[in-house]
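Below is one structure, written out as structure tokens; the observations come after it.
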Amino acid sequence: MHLVLAAVGDEVEVSVLDAHRAVQDVRRMPRAALPGYVAEREQRAQPRWVWDDTRAWYPALLAEGVRVERCVDLRLCHAILRRAAATASSAIATAEAGPWDEEPPRVTAHPGALFELETPGAGAPRDPVREFALQRDAVDASPDPSALSLLLAAESAGALVAAELTHAGLPWRADVHDALLTEALGRRTPGGRPERLESLLVAMRDAFDAPHLNPDSPVELLRDLRAAGLAVESTRSSELKRQRHPGIAPLLEYKKLSRLLTANGWTWLDTWVRDGRFRPVYVPGGVVTGRWASDGGGALQLPHEVRDAVRPDPGWRLVVADAAQLEPRVLAAMSGDRAMADAGRGEDMYDGIVATGAVRSREEAKYGMLGAMYGGTTGPSARVMPNLARTFPRAIGFVEDAARAGERGESVTTRLGRTSPRPSERWFEQQRAASGEEAGPALTERARSEARSWGRFTRNFVVQGTAAEWALCWMAELRNRLWRMGSGRLEERPHLVFFLHDEVVVHAPQELAEAVAAEVQAAAAQAGRVLFGEAPVEFRVTTAVVESYADAK
DNA sequence: CACGGGTGCGCG
DNA sequence: AAAGCGCGCACCCGTG
């Protein structure tokens with residue numbers, strides 16, 4: 001059962017579709033009546049709600065305590081189908097760009113605001129019933145409709161999860177955060193640097209004999225470091241670390257603390273934490289590969305340093321779960337590399353790779369695999385590649401093929417069919433120019449370099465994108481399992497509060513925490529089966545029940 | 001004074 | 001200790 005929602009003036013129009021996607025019934029109601037209607041329909045059965053944009057509909061429902069099981073986010077699905085190789089000849093993909101291709105308005109964080117994205121009069125009208133039909137036509141005509149259907153369902157479930165994460169918020173102890181900042185940075189001084197930063201500044205000015213040295217200005221800092229006799233090309237910490245000078249230690253310490261202050265200091269705390277919750281805005285589909293991005297608050301870059309401020313409510317616990325070596329396992333599964341799947345049989349896949357004899361140490365295995373998936377060409381990681389290729393020919397061959405396709409300017413696709421963008425027109429022109437008769441060596445080399453660069457992107461795309469699909473399936477499965485573990489509103493049951501590519505945090509009543517950990521495991525196994533069938537790859541997940549996020553792993 | 005590119009660093 | 005991929009954000013700094 002599909003129920004399509006459309007905003008019509010102050011009212012909501014609900015189109016009820018039958019099994020053949022024909023409109024069976026249309027009804028209108030005031031917006032205020034929608035939560036009650038949705039709750040009532042959810043109670044009877046779980047229809048699939050079809051709407052233009054989850055961000056425009058779901059926060060208001062959640063604010064009324066209404067949770068939905070399934071939806072179709074037409075905006076996100078449209079973006080996938082428009083680019084997917086499998087639907088390249090569909091009406092969706094071949095049409096001129098239309099209202100469904102418009103850049104979505106930026107969501108500034110006012111979580112809970114009702115219909116915050118409604119901008120009457122902006123853009124051409126969208127007809128969700130028609131768009132949904134076009135999308136289904138595109139999927140039905142594709143070579144593997146079940147894969148694309150799964151992708152669209154997973155993407156849409158992700159949109160629900162993202163809204164629920166913002167709604168629930170990450171439990172955040174401002175007092176713990178404040179204490180941690182004061183401990184690291186010293187007391188705040190009105191209008192000046194915190195005490196500890198100030199004393200580090202004095203120390204490095206003294207050591208470099210540069211009384212006006214300004215570490216906040218890369219240009220000035222570089223000039224003054226050189227004047228002090230240091231042969232540095234930049235002010236990057238990694239480069240400074242290699243220098244031996246008494247001023248380096250305070251400078252590195254200053255940079256570290258300055259980063260903490262500017263990125264996650266008191267200003268961040270005042271801006272992003274309200275009523276004991278950090279409510280970041282997640283952006284499903286925000287990354288080309290299908291990973292999520294975030295908008296405001298830097299949720300996906302939350303430093304380990306401040307995670308101690310993440311504490312469960314009294315009587316509750318955090319269940320922190322991390323998919324171990326997700327990307328190499330995904331590569332093993334999608335390439336059908338039996339030897340690599342076997343290496344992943346144990347707790348730690350890198351140890352398993354060492355056991356094959358292909359590499360000598362866990363570190364070599366780790367960096368070798370990273371190099372294989374990112375396209376590393378130098379250093380120790382590249383040195384172990386021949387051995388990895390011999391031991392895991394299918395896995396390494398798989399990413400090599402993806403790289404070669406990218407170098408030719410072709411698209412590649414993930415397991416479920418998300419397709420990489422093509423290089424720019426400029427890129428193709430450069431390649432054509434370099435293959436011409438009179439192309440000079442400089443031009444040829446630049447074109448080769450650009451080709452290799454795009455090849456590294458497509459090489460990584462297939463793995464990163466498929467890992468993102470696994471994570472979506474994992475969360476989609478998990479959110480339903482968590483819902484069934486309790487009763488009442490979303491935030492009164494075990495619920496997701498954080499997501500970080502291959503890691504989730506669940507906030508759960510203490511007595512349910514261990515059961516939640518088991519559901520997290522079961523959901524991971526289910527995600528593997530959904531994506532790869534009975535492929536012999538185990539997706540290991542580590543779980544920890546903790547009272548501080550900092551205590552996980 | 002606003003804006004956009006570059007730098008640097010946090011995360012996976 | 002490895003150097004490849006994908007991001008967001010704060011800040012500086014040159015330009016208009």
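Lettering follows sequence order; numbering is per chain, from 1.
Using a 4.0 Å cut-off between charged side-chain N and carboxylate O, R418(A) and E155(A) make a salt bridge. Ion pairing of E410(A) with R422(A) is absent here, as no side-chain N (NZ or NE/NH1/NH2) approaches a carboxylate O to less than 4.0 Å. Contact check on R329(A) versus E538(A) returns no salt bridge, with no Lys/Arg side-chain nitrogen under 4.0 Å from an Asp/Glu carboxylate oxygen.
Of the candidate nucleotides dA10(C), dG6(C), dA1(C), dA1(C) has the atom lying nearest to any side-chain atom of P380(A). Ranking dC7(C), dC13(C), dC9(C) by closeness to the A293(A) side chain, first place goes to dC7(C). In this structure, the nucleotide among dG4(C), dC7(C), dG8(C) sitting nearest to the side chain of R259(A) is dG8(C).
Nucleic acid contact for G286(A): none, since no nucleic acid atom lies under 4.0 Å from a heavy atom of the residue. When heavy atoms are screened at a 4.0 angstrom cut-off, Y367(A) is found touching base atoms of the nucleic acid. Using a 4.0 Å heavy-atom criterion, one finds that R291(A) contacts the bases of the nucleic acid, with or without backbone contacts as well. Among the protein residues, E363(A) comes within range of the nucleic acid bases, having at least one heavy atom under 4.0 Å from a base atom. Nucleic acid contact class of R307(A) (heavy atoms, under 4.0 Å, all strands): sugar-phosphate only. Contacts of K366(A) with the nucleic acid, taken as non-hydrogen atoms under 4.0 Å apart, are absent. Residue contacts shown for V463(A) are absent, as no nucleic acid heavy atom lies under 4.0 Å away.
Applying the 90° criterion around 0 to the glycosidic angle, dG4(C) comes out syn.
Relative orientation of the F499(A) and W292(A) rings is perpendicular, given thresholds of 30° and 60° on the angle between their planes.
One atom, CG of L257(A), and another, C1' of dA10(C), lie 16 Å apart when rounded to the nearest Å. Residue N264(A) contributes atom CG, which lies 12 Å from atom P of dC11(C) at whole-angstrom precision. The distance between atom OH of Y282(A) and atom P of dC7(C), rounded to the nearest whole Å, is 18 Å. Per the geometry, CG belonging to L388(A) stands 14 Å off C1' belonging to dG4(C), to the nearest Å. For the pair L500(A) CG and dG6(C) P, the computed distance is 18 Å after rounding to whole Å. Distance, N460(A) CG to dC5(C) C1': 4 Å, rounded to whole Å. L269(A) places its CG atom 14 Å from the P atom of dA10(C), with the value rounded to the nearest Å. In this structure, L331(A) places its CG atom 17 Å from P of dC5(C), rounding to the nearest Å.
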DNA chain C in dot-bracket form (Watson-Crick or G-U pairs under 3.5 Å, [ ] crossing, | inter-strand) is ....||||||||||||
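The shortest distance between side-chain heavy atoms of Q325(A) and R540(A) does not fall below 4.5 Å.
Judged by distance alone, the side chains of D322(A) and T542(A) never bring a donor and an acceptor atom under 3.5 Å apart. For the residue pair Y254(A) and R193(A), a side-chain donor N or O sits within less than 3.5 Å of a side-chain acceptor on the partner.
Extent of DNA chain B lying under 4.0 Å from chain A heavy atoms, first and last nucleotide in 5' to 3' order, is dG8(B) to dG12(B).
Nearest-nucleotide positions on DNA chain C for R242(A) and G297(A) put R242(A) closer to the 5' end. Each of G379(A) and H501(A) was matched to the nucleotide of DNA chain C holding its nearest heavy atom; the match closer to the 5' end belongs to G379(A).
Ring centroid separation for the pair Y58(A) and H167(A) does not come in under the 6.0 Å cut-off.
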Show the numbers, then the answer: is there a side chain to side chain contact (heavy atoms under 4.5 Å, CB included) between V320(A) and T543(A)?
-> CA-CA 6 Å; V320(A) 180; T543(A) 56; over 6 Å; no
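Among W268(A), F278(A), W266(A), the one residue that satisfies the ring pair (Phe, Tyr, Trp, His ring centres under 6.0 Å) test with H177(A) is W268(A).
Residue-environment remark: CG (D175(A)) exceeds the threshold of 12 foreign heavy atoms within 6.0 Å.
Between S294(A) and dG8(C) there is no side-chain polar atom (N or O) within less than 4.0 angstrom of OP1 or OP2.
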